[in-house]
Amino acid sequence: MTAPLPNRPSEVRAWCLARGFHPSRTLGQNFLVDGNTVDAIVAAAGVSAGERVLEVGPGMGALTRSMLQAGALVTAIEKDMKLADLLRESLVSFGDAFSLHAMDMLKVSLDSLLATGDPAAASPDGAGMMPADMAAEPFFPKFVSNLPYSVGTRILIDVCRHPLAPQTCIVMVQKEVADRLAAPPGTPDRGQASVWIQRRYRVEIVRIVPPTCFWPKPEVSSAVVRLVRHDDFPLSDGEVSLFESITKTAFMHRRKQMASIFRGAKMAGGVTVPDASRWLASCGIPANARPSDITMADWCALARELGR
Ligand code: SAM
């Protein structure tokens, strides 16, 4: 029988070494070995008894166990089959409160996962056609994860732009990613990730976490970020496509001026920008503004204007 996983984060290192388990760099396996940080993440998430939580990359289960102990119902997606087996066994005492899917988060059906909690279920009728800003009840009100470095931003953006995105996300990411997620207009970190996330979420950096809190130690610091949904910038489905297309194009040329980026540019759905200067002027944006200067309200105005 496989030995159970360590109960406390501080035991993780010794546990791995004793069993010859070598954390994978490719899978971003930097395990939390600091109990204070685990407590801080769970406290920031404010998980309550009976609340459904999605976790990506439970690893050895430091966060998972703590959330289960708080009474949460945790659904976890873990790509590493060996860890998944060990984790299932280690957390068996939590019964149905814990469900684990040994899958690659980048390959699951998000429509199904976020609508039913089951990543393998057939997509519910019409899920793929849901309006992007539909005010539906998400299956998971919370998404709490220490995300793998290499694919963390992609996973977070995929989840957050989904119509059934959780109300609150508490995620640990690299500090520089956190800075980009939180960057206001007019700052050098402002980019595509900032505007895609901030259109739907208020972003707050809760805590900086040094490399010493992980094993193995990563090269850079991490940060815990809290994202809370808002409805300040609603857009229609078509406008969301245009918003994403416009901002993606803009931040690919972040040093250029807006008028030159969009001169004759082709956007989502084959929509072209016939006269970039006039389009910008109609939204009160100077032709020589740079993408990082544009506010969220102005990005949304540009999308609406182009979709008319
Ligand atoms: N939650 C644990 C902790 O805090 O100690 C582990 C976090 S570790 C930074 C990232 C975890 O994500 C690892 O367990 C890794 O195997 C898993 N992982 C990496 N890529 C993944 C993917 N595409 N889908 C699901 N899990 C993934």
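First listed ligand is number 1; within each ligand, the first listed atom is number 1. Just so it is clear, the structure is predicted and the values come from calculations on it, not from any experiment.
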Which atoms from ligand 1 have a heavy atom of M103 less than 4.0 Å away? 24 (N), 25 (C)

Atom pairs and distances, side-chain donor-acceptor, residues 73-81, under 3.5 Å, sequence neighbours left out:
unit_1 : atom_1 : unit_2 : atom_2 : d
T75    : OG1    : S99    : OG     : 3.3
E78    : OE1    : G59    : N      : 3.0
E78    : OE2    : D80    : N      : 2.9
K79    : NZ     : D104   : OD2    : 3.4
D80    : OD1    : K82    : N      : 3.0
D80    : OD1    : L83    : N      : 3.1
D80    : OD2    : Q29    : NE2    : 2.8

Identity of the nearest option to atom 16 (O) of ligand 1, non-hydrogen atoms only, from M172, E78, M81, K79: E78

Could you tell me whether S150 approaches ligand 1 through its side chain, its backbone, both or neither, with non-hydrogen atoms closer than 4.0 Å? neither

Going by the atom numbers of ligand 1, which of them fall below 4.0 Å from some non-hydrogen atom of E55? 1 (N)

Minimum-distance protein heavy atom relative to atom 4 (O) of ligand 1: N146 ND2, 2.9 Å

Which residues satisfy the side chain to side chain contact (heavy atoms under 4.5 Å, CB included) test with R25, sequence neighbours excluded? E219

Which atoms of ligand 1 sit under 4.0 Å from any heavy atom of Q29? 13 (C), 15 (C), 16 (O)

Decide whether T168 and Y201 meet the rule of one side-chain donor and one side-chain acceptor closer than 3.5 Å. no

Please list the nearest protein heavy atom to atom 5 (O) of ligand 1 with its residue and the distance rounded to 0.1 Å. L32 N, 2.8 Å

I want to confirm something. Looking only at heavy atoms, which of A76, P23, G57 is nearest to atom 11 (C) of ligand 1? G57

Does N30 approach ligand 1 within less than 4.0 angstrom via side chain, backbone, both or neither, non-hydrogen atoms only? backbone

Min over G59, G28, P218 of heavy-atom distance to atom 8 (S) of ligand 1 lands on G28

Is D231 salt-bridged to R200, cutoff N-O under 4.0 Å? no

Interatomic distance, CZ@R229 vs CD@Q167, rounded to 0.5 Å, equals 5.5 Å

Give a yes-or-no answer on whether the side chains of D111 and H162 include a donor-acceptor pair shorter than 3.5 Å. yes

Taking only non-hydrogen atoms of F31 and a 4.0 Å limit, the atoms of ligand 1 in range are 5 (O), 6 (C)

Which of the ligand 1 atoms, numbered from 1, are nearer than 4.0 Å to a heavy atom of D104: 22 (C), 23 (N), 24 (N)

Within 6.0 Å of CZ in R254, more than 12 heavy atoms from elsewhere: yes

